[in-house]
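What follows is one structure encoded as structure tokens, with my remarks underneath.
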Amino acid sequence: MAAPLAPLSSMVAAKLISSSTKVAANFFSSSTMVATKVKVGGCHQQASFFDNVKIIGNIPTVFAAEIAKSILGKLGSFAVQEFRLAWGLEDDLARLEERLRAINVVLSNAEKEQSKNDRLRFWLHMLREVLYDAEDVLDEIVCETLQRQVVRTKGSTSRKVRHFFSSSNKIAFRLRMGHKIKSIIERLAEISSLKSEFNLSEQAIDCSHVLREETEMNRSFESFSGLIGRDEDKERIINLLVAPFKVGHAHPLVLPIVGMGGLGKTSLAKVVCDAENVKSHFELKMEVCVSDDFSLKQVIQKIVKSATGERCVDLDGGELEKKLQEILKGKKYLLLLDDVWNEDAQKWLLLKPLLSKGAGGSKIIVSTRSQRVAEIMGTVTAYNLSLLGQEDCLSLFYKCAFKEGEMELYPNLVGIGKEIVAKCKQVPLAVINLGTQLYGKTDEKEWQSVRDSDKWEEEGNGILPALKISYQGLPTHLKRCFLYCSIFPKDYPFVDHLLVQFWMAHGLILQSSNPNENLEDAGLRYVRELISRCFFQDYEDRIVVVYFKMHDLMHDLASSLAQNEFSIISSQNCRFSKTTRHLSVLDSYSFFHQTLPKFSKNFHHLRSIVFADSLEGPACKTDFEKCLSKFKHLRSLELLDHSEFEDFPERIGALKHLRYLNFFWNTEMTRLPKSLFKLQNLQALVAGAKGLEELPKDVRYMISLRYLFLVTQQKRLPEGGIGCLKFLQTLYIFRCQNLENLCEDMHGLKSLRKLFIIGCDSLISFPRSIKCLTTLEEFCIIDCEKLDLMTIEEEKVEKIQPLSLSLRIVIFDNLPTTLALPEQLFQGSAESLKIFIIKYCSNIGEMPECIGNLNKLQNLVITHCPSLSKRCRRGTGEDWPKIKHIRKIEVDDDDSGEETSH
């Protein structure tokens, strides 16, 4: 353990203790730290607080350097620079920047050394708290600047608009900000004065990760899914499932698959359920992740959703049970109950009779780590999944770690790899994670550092040390992104572009040095890297969107590393620490009736909240309004539950730091309060699935909006609203059943890169202004039965003008009214279009001539388009000469059902 800190000066000690003692008490609760002989009296005793700190546990890793980088970036932003010049705080902000740069040069070294020195980690923690406060102040400045920018905008100088934003008195605001900045400068100076105690070296900030080579994503993830060496297990389980049902057999038959975490129970169970001879044996197949909370209503909801796709949030317990029985009645089904932890036999006995309504021969697979669960639920002997054989582990590791044909070139690495695998103790997940970490690396020292890591000395069965080593191998920016995922519940289905917006809301994605890569691109690169390193799993690439999940052990790792800054409110835990910045609510009743009343003073610094209660959600608008009043610095708000209030309280307009708002799963909300459009910092808005009655024109005031997922009941999108969002990057128009026309002023979307129109059955045509979307890169039109794409061509003119110069991906799916493909679309994208997919467009008769000019087109897919498929058959189709230059072509043949691959 490092030597105690030298005594502090009286002034520094007094101020640090007064501002940090309570923080430390909260931070080091739960037996993390014990402070002995601490007195609140004289300065000498206060200073000895640090001298007498005794560490008896692990303090979570602190990422002060990343926060400092983010703040320095904000200080250089246009909004803050404008504030500096116009508000007379140039000197204060310059001193703040100077203090930050002085301390920033040692942070890289401090974060490397913190694992060896708990006092250093505590110092970083105190620094982080100050940096968060500095970030809040700068964000307040940015928000004020943006609001005044809206008021100054041409056409927005009316008294009504000025009153709407209620701009604060300029002098009062300047004085308040000046006071806050001076206070932060003083606190930074006090903390900075302690850095000499740690002998930290100054280091340049490493930004190499910005342009680092990505791990290849085109490898077959099936090859290291953990199923290597499981063929015998697979066949045995399949034989049990397809065995004929006989009178006297248990009904339904319940087969538990038992084994420690990381053995591949879930992967094995899913592969078995997807086997052709298994699927053909059952009429109905369902998969449900149960996880920690075995609530009868919740489990039934999940089973019904798996069977029918319906969420059934408006049904009570009795109605749900009746619906489940109707679904199962008379059908031979296969049900996978994955990751079951419930050891209360009574809960299973309530569910089992409902599952017995299926036909004879119905079977249930239960995957669990608990032998007790297997005893409670199983009707046949549990299948105990063993450790993976050593040779299979080696084979799995080499597939993960080496490129094809590379092993023979590095025999020294093969030998080190064998030693690494031995330390994984035959746990596939450990083998996979370390193998993928080393993929593409040929420096022997990097392999040796994994083999010789001190993490192997910690307790564990091979899996925990391996996961920690994998985590240590991540660049710092990916570590933070990974830890922030722990706020979402286990088995949460992530969507790549939404997760990126969440990360952006918290400043986790730094601007790349590559001028062609914006924040969204960088974030998607982060996602791909974490997938390739197996921090995410079960990923499904649908070209324009990627779905994935986090293994429950990975979630446990992230939660343990993010403790104290992240909290979960459940029926078992209602406590809330003052140091908590991110909150996940799994039990809304406990939150509103126990946590909120008791810890209301601790919510001031909260930065994100996820209501993940899958049953209830915020009980009512009044409850929700109570908690909103506490969240002064909230950056992201997600309602993943089934809240039933019809609109947000007006108070939401006070959340001026809010950048990400997602209420898609709200089942009743149809109106947005006028105050919502005061949120000039908001970058992403995801509307509720029921659909807004309207999206008001006031949306134009959200001048920072970059991502909009819109569900509306309107027939027409009005001009002067969405079309004014000049920084909008992504626009989803989703299941707007009444929508007939888009807004005519789409030319105002000067930054739009992705346009997705899905499930708009009444949409008839596109506005002429769509021709002006010259920045558009992804264009997807799906399930729009009345839409004729030829409206893009407009009326016939002598010279057809290109639609766009930057399209990379085009998808047309289920457009039965469309008779031909618009030539403008392709003429303007000859040098950019790479992927073109056409599905269920039965009336499109031929390919346009200009398709032959698409020099960059790499992937063409045509399915369920009878006439077009026939004309594009390899070698014989009339349109084959137009497309034969394309590298990969998939065309279904309506006569044979075969695909052509070129």
Side-chain angles (χ1 to χ4, degrees), residues 58 60-61 63 111-112 115 209 212-217 219 221 223-226 228 260-264 267 388 393-394 396-402 413 416-486 494 525-539 548-562:
N58 291 321
T61 302
F63 298 104
E111 291 189 347
K112 288 178 182 177
S115 62
H209 68 268
R212 72 189 298 274
E213 182 181 353
E214 291 182 36
T215 305
E216 293 178 22
M217 284 291 296
R219 294 187 292 162
F221 279 76
S223 67
F224 51 86
S225 64
I228 288 179
M260 60 181 286
L263 289 185
S267 296
L388 193 63
C393 283
L394 282 172
L396 181 60
F397 178 82
Y398 294 145
K399 278 184 176 291
C400 296
F402 289 107
L413 299 183
I416 298 173
K418 191 171 184 178
E419 295 177 275
I420 292 172
V421 170
K423 295 190 174 189
C424 291
K425 298 182 180 178
Q426 299 177 268
V427 180
L429 186 61
V431 173
I432 291 169
N433 275 271
L434 292 182
T436 54
Q437 179 188 328
L438 293 169
Y439 178 77
K441 297 179 179 179
T442 56
D443 185 346
E444 192 170 323
K445 290 182 180 178
E446 292 191 71
W447 287 60
Q448 290 172 341
S449 68
V450 171
R451 179 195 64 190
D452 301 332
S453 171
D454 56 4
K455 295 296 181 185
W456 294 116
E457 305 302 321
E458 297 181 9
E459 291 185 11
N461 48 25
I463 182 63
L464 188 58
L467 295 186
K468 286 184 176 180
I469 293 170
S470 292
Y471 171 79
Q472 279 187 323
L474 288 176
T476 302
H477 64 289
L478 291 184
K479 286 180 179 176
R480 288 190 78 203
C481 288
F482 169 68
L483 295 189
Y484 270 65
C485 292
S486 66
F494 289 101
R525 177 163 53 81
Y526 291 8
V527 169
R528 291 195 300 272
E529 186 66 20
L530 286 169
I531 290 175
S532 70
R533 293 170 179 259
C534 291
F535 281 83
F536 297 136
Q537 64 170 21
D538 293 346
Y539 91 102
F548 50 91
K549 293 184 179 181
M550 181 184 285
H551 191 285
D552 59 341
L553 286 177
M554 282 294 188
H555 193 283
D556 290 342
L557 175 67
S559 298
S560 66
L561 293 171

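The chain is numbered in sequence order, starting from 1.
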How close do [X] and [Y] get, heavy atom to heavy atom, and via which atoms?
X: Thr436; Y: Cys534; result: CG2-SG, 3.7 Å
X: Phe536; Y: Val527; result: CD1-O, 4.4 Å
X: Cys424; Y: Val431; result: CB-CG2, 3.8 Å
X: Leu429; Y: Asn433; result: O-ND2, 2.8 Å
X: Leu478; Y: Glu529; result: CD1-CG, 3.4 Å

For [X], all residues meeting side-chain hydrogen bond (donor to acceptor under 3.5 Å, both in side chains), sequence neighbours excluded:
X: Asp556; value: Lys490
X: Arg451; value: Glu419
X: Tyr484; value: His582
X: Lys423; value: none

Once rounded to the nearest 0.5 Å, what's the spacing between atom [atom1] of [X] and atom [atom2] of [Y]?
X: Lys455; Y: Lys468; atom1: NZ; atom2: NZ; result: 5.5 Å
X: Met554; Y: Leu467; atom1: CE; atom2: CG; result: 4.5 Å
X: Ser453; Y: Leu434; atom1: OG; atom2: CG; result: 9.0 Å
X: Met550; Y: Asp552; atom1: CE; atom2: CG; result: 11.0 Å
X: Thr442; Y: Leu413; atom1: OG1; atom2: CG; result: 7.0 Å
X: Ile228; Y: Leu388; atom1: CD1; atom2: CG; result: 8.0 Å

Heavy-atom side-chain proximity of Ile469 to Trp456 below 4.5 angstrom: yes

Flag side-chain contact, heavy atom, 4.5 Å: Trp447 against Gln437: no

Sequence-distant partners of Lys479, salt bridge (Lys or Arg N to Asp or Glu O under 4.0 Å), two or more places apart: none

Partners passing salt bridge (Lys or Arg N to Asp or Glu O under 4.0 Å) against Glu444 (at least two apart in sequence or in another chain): none

From CA spacing to verdict: side-chain contact (heavy atoms from CB on, under 4.5 Å), Phe63, Leu483: CA-CA 11 Å; Phe63 298 104; Leu483 295 189; 3.5 Å; yes

Parallel, tilted or perpendicular: rings of Phe482 and Tyr471 (30°, 60°): tilted

